[in-house]
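By convention in this document, chain letters (A, B, ...) are assigned in the order of the sequence lines, proteins followed by strands, and residues within each chain are numbered from 1.
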Amino acid sequence: MTEPKPNEIVFKKRLSENTLRIEVVAPLIAKKAQPGQFVIIRVHSRGERIPLTIADADAERGVITLIYQEVGKSTYALGELEKGEFLHDVVGPLGHATPIEKYGNAIIVAGGLGTAEMYPIARALRAAGNHVITIVGARRKDLLVMVEEMESVSDEIIVTTDDGSFGRKGVVTVPLKELVEEGRADFVITCGPTIMMKFVAEATREAGVPTLASLNPIMVDGTGMCGACRVSIGGKTRFACVDGPDFNAHEVDFEELMMRQKTFCDFERKSLDLWLEEHPERAQSGG
Amino acid sequence: MTEEHKGKTAENTETSEKKKEKVGPDGLTKRDRLKIKRHAMPEQAPEERITNFLSVVHGYTLEMAYEEAQRCLDCPRPKCIDGCPAEVDIPAFIMEILKGDLEESYRILKADNALPAVCGRVCPQEEQCELTCLLAKKGPVAIGRLEQFVAEYMLDKYEKEPPKVEKIIPTKEKVAVIGAGPAGITAAADLVKMGYEVTIFEALHKPGGVLNYGIPPFRMPRRILDAELGSIEQMGVDVRCNMVFGKTITHEELLEDGYKAFFLGTGAGLPTFMGIPGENANGVYSANEYLTRVNLMEAWDFPNADTPVFVGKNVVTTGAGNTAMDSARVSRRMPGVEKSYIVYRRTRNEAPARNEEIEHAEQEGIIFKYLTQPIEILRDDKNWITGMRCIKMELGEPDDSGRRRPVPIPDSEFEIECDTLLVAIGQRPNPIAMRSIPGLEISKWGTIVVDDETMMTSVPGVFAGGDAVVGASTVILAVGHGKQAARAVDAYLAEQRGGS
C-alpha cells in the first residue's frame with residue numbers, strides 16, 4: 001500500500017443527499033488546527049477558493065475532516081472527487097480559535113451544516129469542564145447531520161426540526177429561550193444559517209448571556225488581504241477571516257451580513273446551471 | 001539575426017569621417033548613434049485593447065530592439081546603472097544585443113535581476129535608469145523596453161527549446177524566504193546563487209505576490225510571468241505554496257528544522273478603506289479584492305474560471321496610484337461596463353501613479369474627476385450601492401508630503417451615480433506573518449522596522465524588505481531590497497560561521 005500524499009482524500013461518505021464528509025491528508029494543518037479554525041481549498045487549477053471549517057483534526061494520522069454541502073458549482077465538483085483523488089489546494093489553519101474556557105453551562109446552538117463546525121468546539125468545551133448542552137436544528141429529519149457525534153460530546157442534546165419529523169417540532173430558539181429563562185445558560189455559541197444566528201443573538205440579548213456567532217461571509221484569500229469578508233461588529237468594520245470568524249453575536253450586524261452574502265447569487269446560479277448541464281446525472285438527483 | 005544589420009552598419013562606418021572615434025560592435029560612432037531617434041513602443045490601439053485582456057504593448061521587434069540598442073553610447077562611466085535599484089549592468093546587456101548574442105544579453109540581465117521581463121514592463125524607468133541615462137534630455141535609451149525585449153525573446157525561445165539549466169547544489173545553510181513576491185523571489189534567487197539552500201513559503205496558491213494578484217494580465221501577460229517565476233525553481237529554489245507563515249508553519253518550527261536565516265517579503269496585502277458611511281454596501285470592493293478576483297482568480301474569464309466578480313455599468317475607482325489605474329482599466333475591459341471613473345481628491349500633478357499609467361488610462365477613456373472627495377456611499381434597501389456623495393476640493397497649503405493639501409469647498413456636495421465602487425486609496429503591510437514572530441519590532445504604520453544598511457529586523461537572523469518595510473511602493477524597490485537583504489543574510493551567516 002502506498003503512503004497517502006498531501007491533499008489526498010482518504011475517506012469519503014455521503015451523510016445526507018447533499019452533505020458529505022471527507023478526510024484529507026494535511027499533516028501541517030492537522031498538527032495545528034484548533035476548534036473554530038478553517039481551511040481554504042480549491043478543487044482544480046481554475047477553481048474558487050472555498051472556506052471550510054475544520055470539523056476534526058487528527059495530528060497523528062495527519063488528516064483533517066471537512067464536512068460540506070453541495071450548494072454551488074465548486075462544492076458539486078468537490079463532491080465528484082473520490083477517495084484516492086486529490087484536492088488541488090489546501091491552506092490553513094486560518095482564523096482565530098474559539099476561546100475555550102470553563103464557563104459553566106455552555107450551550108451550543110447549531111443549524112444544518114453548522115453542526116459539523118460545532119463538533120470540535122463542543123468536544124473542547126466539555127474537556128474544559130463545561131456542562132455542554134447542544135441544540136441542533138434542521139428543517140427536516142434527513143437534513144440533520146452528525147447528531148450522534150454531537151451527542152457523544154455533549155452532556156445534554158436537544159434536536160428540533162421545523163416539521164417535527166425528528167425531535168421537538170419548531171426552531172432552535174425555543175429550547176434556547178427556555179434554558180436562558182431557567183438560568184441554565186452561562187455561555188452560548190452558535191453556528192448555522194445567518195438568520196438563525198440572528199435569532200439566537202436576540203434570544204440571549206436581554207439576559208446578557210455571552211454569545212458568540214461563528215460567521216460565514218464570502219471570502220477570497222482568507223488572510224486579510226482583500227476585505228471581501230468584512231462584517232460590521234458594534235459599528236466597526238472587521239475582517240471575519242483574520243479578526244474572526246467568531247464575534248460577539250450581540251454586536252453583529254446580521255442584516256448587512258445576509259445581504260452581503262447574496263452579492264454573487266446570480267453568478268453562483270449561472271455557474272451551477274452550466275455545471276449541471278454538463279453533469280445531467282447530478283441534475284436529476286435534486287441539484 | 002544581425003547579418004542584415006551588420007551590412008548596414010558597415011556602410012555607416014565607411015561614411016563616418018572621424019576614424020579615431022570609438023566604434024561599437026555594430027561599427028557605429030557616437031555621432032551616428034546620436035542621430036537615431038528613440039523608438040516608440042508599438043501597442044494595441046486604445047479602442048481595440050479595451051475589448052480584451054491581452055498585452056497593451058506588443059514589445060519591440062528584433063529590428064527595433066537592434067536599432068534602439070544602437071543608441072546606447074556605452075559610456076565609460078555609465079550613469080544608468082546608478083539609477084537601477086537592481087544594479088543591472090545595463091550597457092553590457094545592450095552591447096550584447098548589438099553583437100547578436102541575446103542569450104548572453106539575457107544572462108547578464110539575470111545575473112543581477114531574477115525578474116527582467118517583469119521589471120522591463122512595470123519599472124518606472126523614467127525615474128530610474130532612463131532618468132540618469134546621458135541622453136535623458138533628448139530621449140534616453142529605451143532601457144526598459146530593451147530589457148523586456150531580451151527577456152521575453154529568450155523566455156519564448158526557452159519555451160520551445162528548454163535550456164539545460166544546472167541546478168545549483170547548495171553547500172551552505174538553509175534560508176527561509178517568506179512570500180513569493182518580487183522581494184522574496186529576488187532574495188531567493190540571489191541566495192541560491194550564493195550556495196544557500198532556499199525555500200520560499202507562499203501563502204497563496206500561486207507564487208508572484210502582487211505580480212499575480214495585483215498587476216492585470218494586459219500589463220503583465222501571465223504566460224511570461226509564469227515562465228519568469230518558473231526559472232527560479234529551475235535554479236533550485238524550493239517554492240512551497242499554500243503555506244501561511246505564522247499559521248501553517250512558524251518561525252520557531254523552521255528554526256528547529258535548521259533554517260538559519262529568514263527574509264520576510266510579505267508585502268502590503270492589507271487594504272485601506274475610506275471609513276465613510278456605507279462602505280460595506282454590496283458592489284463596494286477594495287482594489288485588492290477586485291484585482292485578486294480578476295487577475296489571480298481569473299474572474300475576467302468567468303464562467304470558464306469559477307470565481308465571479310460583479311461589475312455594473314458605472315464603476316468608480318477612488319485613488320490615483322498605480323493600483324487605482326489598474327482597477328479602472330480592468331473595469332473598462334469588463335463586459336457591460338459603460339463608464340469607468342477615477343475620483344481623486346487632488347489633481348493630476350499630485351497623482352502617485354506613473355505618468356505612463358495615467359496616459360494609458362486617459363487613452364482608454366477613463367473619466368477622471370479630480371479635486372473630488374467621496375463622503376458617503378448611497379445604498380438601496382438591499383444594501384446595493386446606488387451612488388456616491390462627494391464634495392469638491394481645492395488645493396491649499398502644502399502638507400507634510402510636500403503636496404498641496406486638498407481642502408473641501410463649502411456647499412459643493414454632489415452625487416455620482418454608480419453601481420460599483422473600487423477603493424484604491426492604499427495598502428498597508430499584512431500583519432499575519434510579522435505578528436507571529438515574538439519580539440519583532442513593528443512601526444506605528446504597521447511596517448517592519450529594519451536597519452537601513454543590513455535590512456535586519458529587531459530579531460537576529462530575521463531580515464525584511466519590500467512593501468512590508470516601506471508600505472505600498474514599487475516592484476523595483478522590492479527587487480532592490482531583496483538583493484540588499486540577500487547580501488546581508490550572506491554576511492550575517494558568514495559571521496555566524498566564523499564566530500562559532
With a 4.5 Å cut-off on heavy-atom pairs, point out which of B/Phe273, B/Tyr290, B/Trp384 contacts chain A the most. B/Phe273
Engaged part of B/Leu270 at the chain A interface, taking heavy atoms whose separation is under 4.5 Å: both
For A/Glu85, look at atom CD and say whether over 12 heavy atoms of other residues, nucleotides or ligands are found less than 6.0 Å away. yes
Check: B/Arg379 and A/Met259 side chains under 4.5 Å, non-hydrogen atoms: no
side-chain contact (heavy atoms from CB on, under 4.5 Å) test vs B/Val244 passes for just one of A/Ile29, A/Leu94, A/Asp221, namely A/Leu94
Pick whichever of B/Pro303, B/Ala268, B/Gly269 has the most heavy-atom pairs under 4.5 Å with chain A. B/Gly269
Please report the closest heavy-atom contact between B/Lys247 and A/Lys32, naming both atoms and the distance. O-CD, 3.2 Å
Would you mind checking which part of B/Ala281 comes under 4.5 Å of any heavy atom in chain A, side chain (CB onward), backbone (N, CA, C, O), both or neither? backbone
Would you mind checking which part of B/Asn430 comes under 4.5 Å of any heavy atom in chain A, side chain (CB onward), backbone (N, CA, C, O), both or neither? side chain
If one checks every heavy atom of A/Leu257 against chain B at 4.5 Å, the contacting part turns out to be neither
Interchain contact, B/Thr248 with chain A, by part (heavy-atom threshold 4.5 Å): both
Taking atom types as modelled, find out whether B/Asn282 and A/Arg260 have a side-chain donor-acceptor pair closer than 3.5 angstrom. no
Once you round to the nearest 0.5 Å, how far does CD of B/Glu289 lie from SG of A/Cys229? 8.5 Å
Side-chain contact, heavy-atom cut-off 4.5 Å: B/Ser286 with A/Arg230? no
Could you check whether atom NZ of A/Lys31 has more than 12 heavy atoms from other residues, nucleotides or ligands sitting under 6.0 Å from it? no
Which of the residues A/Asp266, A/Val90, A/Val231 is involved in the greatest number of heavy-atom pairs with chain B at under 4.5 angstrom? A/Val90
Let me know if B/Gln427 has heavy atoms under 4.5 Å from chain A in its side chain, its backbone, both or neither. neither
Separation between SG (A/Cys226) and CE (B/Met297), nearest 0.5 Å, reads 10.5 Å
Let's go through A/Leu28 and B/Met243 carefully: what are the C-alpha distance in whole Å and the side-chain angles of both, what is the deciding distance for side-chain contact (heavy atoms from CB on, under 4.5 Å) to 0.1 Å, and is it a yes or a no? CA-CA 9 Å; A/Leu28 292 173; B/Met243 298 289 261; 3.5 Å; yes
Need one label for B/Val309: side chain, backbone, both or neither, based on atoms under 4.5 Å from any heavy atom in chain A. backbone
Would you say the side chain of B/Arg293 lies within less than 4.5 Å of the side chain of A/Glu48, judging by non-hydrogen atoms? no
For A/Arg205, I'd like to know if atom CZ has over 12 heavy atoms of other residues, nucleotides or ligands within 6.0 Å. yes
For B/Asp306, run the salt bridge (Lys or Arg N to Asp or Glu O under 4.0 Å) check against A/Arg49, A/Arg46, A/Lys73, A/Lys270 and tell me which one passes. A/Lys73
When the ring centroid of A/Phe267 is compared with that of B/Phe302, is the distance short of 6.0 Å? yes
Under 4.5 Å, counting heavy-atom pairs only, tell me which of B/Val423, B/Val284, B/Thr250 racks up the most with chain A. B/Val284
Show the numbers, then the answer: is there a side-chain contact (heavy atoms from CB on, under 4.5 Å) between B/Asn383 and A/Glu256? CA-CA 7 Å; B/Asn383 199 45; A/Glu256 181 188 275; 4.0 Å; yes
Flag the one option from A/Gln37, A/His44, A/Glu268, A/His88 with the top tally of heavy-atom pairs under 4.5 Å to chain B. A/His44
How close do A/Gly227 and B/Pro271 get, heavy atom to heavy atom, and via which atoms? N-CG, 4.2 Å
Measuring from A/Ile40:CD1 to B/Asn242:CG, what's the distance to the nearest 0.5 Å? 10.0 Å
Looking at B/Asn288 and A/Met225, would you say the former's side chain and the latter's main chain have a donor-acceptor pair under 3.5 Å? yes
Distance (rounded to the nearest 0.5 Å) between B/Lys382 NZ and A/Met258 CE: 13.5 Å
